[in-house]
Amino acid sequence: MKIAVSEKQEGASEAKRAALYLRVSTDKQAKADLSIPDQRRQAMKFCAARGWEVVIEFVEPGASGTDDRRPELQRMLEMATAGGSPFDVIVVHSFSRFARDHFALEYNVRRLRKVGIRLVSITQDLGDDPMSLMVRQVFALFDEYQSKENAKHTLRAMQENARQGFWNGSKAPYGYSVVDAEQRGAKIKKRLAIDPVEAEVVRLIFKLFLKGDGKTGPLGVKAVTSWLNEHGYRTRVGARWGIGPLHQILTRATYKGLHRFNRKVWKTRAAKPEAEQVIVPVDPIIDEATFDSVQAMLKAKNPRAMPPRVVTGSILLTGIATCASCSGGMTLRTGKSGRYRYYTCATCAQQGKAACKGRSIPMDKLDRLVTERLADQLLKPERVGKILGGLMDRQAAKDEDHSVRLTALRAKLTDAEGRLGRLYAAIESGIADPTDATLKERVAAVKTERDIAQVAFDRAVAEMRPSARITEEKIAAFTQTMRANVLSGDTPFRRAYIRSVIDQVEVDDAEIRIIGRRTVLERLVMGGGAAPAGVPSFVRKWRTRHDSNV
């Protein structure tokens with residue numbers, strides 16, 4: 001034991017240059033400005049007592065000890081192992097300040113030891129003998145265990161907070177802001193509230209994806225991104241929109257009023273089981289039917305679900321025609337001479353009659369039957385009007401929602417104008433100096449906020465105009481355009497329009513069933529049938545009876 005002590009003292013006397021590593025776990029602790037100054041004071045006193053010179057400090061505010069991907073920690077380790085011996089010892093308040101992960105602590109201690117640098121704890125001052133090594137490892141295991149226990153109890157409290165509908169922190173999703181909800185003791189509970197201006201942009205994104213801008217059909221994710229950037233829309237931080245952030249908006253269930261807390265493991269970003277996730281009720285920006293329609297379109301447009309050849313091939317009903325017995329696709333088959341072409345059940349052709357009895361129908365016959373029935377029985381103003389008969393009632397019901405939106409936007413606009421007016425009054429009365437750079441920036445920021453609110457208000461007003469509603473004139477224009485494009489033109493062109501209005505053609509022995517969706521008709525009518533709607537999903541909606549659209 002005496003030998004161990006002498007070795008420790010000898011190492012201490014040789015070390016002349018010291019680096020301090022100071023860390024706290026949360027931003028709240030860093031802002032309180034108590035822990036780090038105390039660590040620094042004790043570390044300086046510790047070094048002075050041993051005659052060590054402090055040559056550099058590494059301060060890590062608000063960083064978890066369970067993760068070694070800390071900027072200052074990595075900078076210190078790189079400096080220590082790069083050569084040149086910038087310091088001889090690293091001083092920490094306790095080993096838990098350096099790491100709360102047993103493996104990370106031991107790995108980095110050995111890494112430092114190879115270049116002749118020791119890690120020294122003020123409160124756990126140990127030597128380099130085997131007994132000290134074992135004690136340090138025990139300390140590290142206890143620190144790791146304590147960290148995991150604290151994390152478990154903290155998560156439990158945050159989950160309960162989320163169940164009660166409160167916000168646990170972090171940045172609010174685009175379209176929402178964090179507001180004070182109630183005070184419990186010294187803590188102020190917060191909730192998510194709809195930001196009227198950003199919410200209008202979210203609604204616009206969903207509208208562009210589902211219906212387009214009135215001049216085109218529905219837009220894809222990339223096209224919506226380009227449209228927003230070309231028309232001057234920017235993100236919350238003033239940056240241009242990107243495909244990734246916009247896709248997150250289109251797929252985030254928060255916008256239909258179901259925000260999920262505790263979805264992923266923070267360290268690995270792996271998804272957690274649904275049983276561990278908590279649904280936080282929030283005010284919806286998008287109605288559930290619209291949100292589900294967008295998810296269906298995204299799924300249908302996924303190349304993994306719909307191969308490109310289905311959209312770009314030379315066969316009119318490829319990807320649409322299916323066998324009624326096995327629900328498999330109907331594929332092209334030709335006779336020996338290649339002169340005659342048929343739609344044939346692919347399951348039977350590939351796996352034999354044990355998988356499906358199979359059926360075939362001449363290609364020209366099926367193409368003609370489908371296009372003629374579409375033109376004669378579906379694409380008629382009377383038929384479309386009957387299918388969309390309940391839409392006008394839903395439009396009337398939305399008037400109340402528009403009224404609420406307009407009231408919120410008007411309040412936002414009035415607030416911005418009021419603040420701008422007070423700033424101008426302060427300048428005119430001499431209270432504020434108009435040459436002050438900070439004041440100029442504030443005035444510019446409020447003016448920008450006012451202008452954005454005005455644009456959002458004007459857009460919401462425009463949505464209530466008759467031009468944004470389905471009318472008999474729009475139905476007539478839609479049917480006329482669609483009939484012309486379905487019956488004539490090049491095959492890829494005709495196929496795009498057929499795919500835009502129907503989902504599936506079931507080929508049975510005695511009948512052929514054409515299947516489509518009412519929601520698709522709604523957005524096509526709004527767009528006048530001017531462009532195809534992309535690749536729809538296979539969900540039966542407007543085929544109300546077994547024999548409808550036969």
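Count residues from 1 along the sequence.
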Backbone N/O of [Y] and side chain of [X]: donor-acceptor pair under 3.5 Å:
X    : Y    : value
Q124 : F139 : no
R191 : E182 : no
R240 : T225 : no
H231 : W227 : yes

Option from I286, L246, L210 for which side chain to side chain contact (heavy atoms under 4.5 Å, CB included) with I205 holds
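The passing option is L246.
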
Within the structure provided, determine whether [X] and [Y] are in side-chain contact (heavy-atom separation under 4.5 Å).
X    : Y    : answer
L413 : P196 : no
L250 : Y255 : no
E53  : K16  : no
I249 : V201 : no
L73  : R23  : no
F209 : L298 : yes
T251 : Q295 : yes
Q454 : F457 : yes

Would Q146 and N150 count as having a side-chain donor-acceptor pair, cut-off 3.5 Å?
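No donor-acceptor contact under 3.5 Å links the two side chains.
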
Consider only side-chain N and O atoms of Q74 and E78, and report whether a donor and an acceptor are under 3.5 Å apart.
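On atom types as modelled, these side chains do not qualify, holding no pair under 3.5 Å.
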
Between R41 and D38, is there a salt bridge with N-O shorter than 4.0 Å?
yes

So, E60 and R97, do they make that salt bridge, N to O below 4.0 Å?
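Salt bridge between E60 and R97, a charged N being under 4.0 Å from a carboxylate O: no.
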
Shortest non-hydrogen contact from [X] toward [Y]:
X    : Y    : value
V55  : P86  : CG2-O, 4.0 Å
L112 : A80  : CD2-CB, 3.8 Å
S94  : T123 : CB-OG1, 3.5 Å
V91  : A43  : CG1-CB, 4.2 Å
V179 : A193 : CG2-CB, 3.8 Å
L219 : G212 : CG-CA, 4.3 Å

Might you confirm whether atom NZ of K189 has over 12 heavy atoms from other residues, nucleotides or ligands at distances under 6.0 Å?
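Yes - once you tally the heavy atoms of other residues, nucleotides and ligands closer than 6.0 Å, there are more than 12.
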
Within the supplied structure, the quantity of interest is the number of heavy atoms (other residues, nucleotides, ligands) at a distance under 6.0 Å from R184 CZ; does it exceed 12?
yes

Would you check, one step at a time, whether the test side chain to side chain contact (heavy atoms under 4.5 Å, CB included) holds for V89 with R17?
CA-CA 7 Å; V89 63; R17 297 166 301 166; over 6 Å; no

Would you give the length of the straight line joining atom [atom1] of [X] to atom [atom2] of [Y], rounded to the nearest 0.5 angstrom?
X    : Y    : atom1 : atom2 : answer
R111 : I117 : CZ    : CD1   : 10.5 Å
L20  : I122 : CG    : CD1   : 7.5 Å
N168 : M158 : CG    : CE    : 4.0 Å
D287 : R203 : CG    : CZ    : 10.0 Å
N262 : L155 : CG    : CG    : 4.5 Å
E160 : F166 : CD    : CZ    : 10.0 Å

Tell me the side-chain hydrogen bond (donor to acceptor under 3.5 Å, both in side chains) pairs involving residues 436-450, sequence neighbours left out?
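As it turns out, the side-chain hydrogen bond (donor to acceptor under 3.5 Å, both in side chains) pairs with a partner in residues 436-450, which skip direct neighbours, are R419-E449.
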
Could you give me the CA-CA distance, side-chain angles and deciding distance for Y176 and W167, then say whether ring pair (Phe, Tyr, Trp, His ring centres under 6.0 Å) is met?
CA-CA 12 Å; Y176 291 92; W167 186 247; 8.6 Å; no

Before you tell me yes or no, could you show the steps for L119 and Y21 under side chain to side chain contact (heavy atoms under 4.5 Å, CB included), namely the whole-Å CA-CA distance, both residues' side-chain angles and the distance that decides it to 0.1 Å?
CA-CA 10 Å; L119 178 67; Y21 181 73; over 6 Å; no

Taking it one step at a time, do V178 and L192 satisfy side chain to side chain contact (heavy atoms under 4.5 Å, CB included)?
CA-CA 5 Å; V178 180; L192 279 186; 4.1 Å; yes

Audit row: R234, N229, side chain to side chain contact (heavy atoms under 4.5 Å, CB included) steps and yes/no:
CA-CA 7 Å; R234 296 294 180 264; N229 291 330; 4.0 Å; yes

Listed partners of R75 passing side chain to side chain contact (heavy atoms under 4.5 Å, CB included), at least two apart
F58, E72, M79

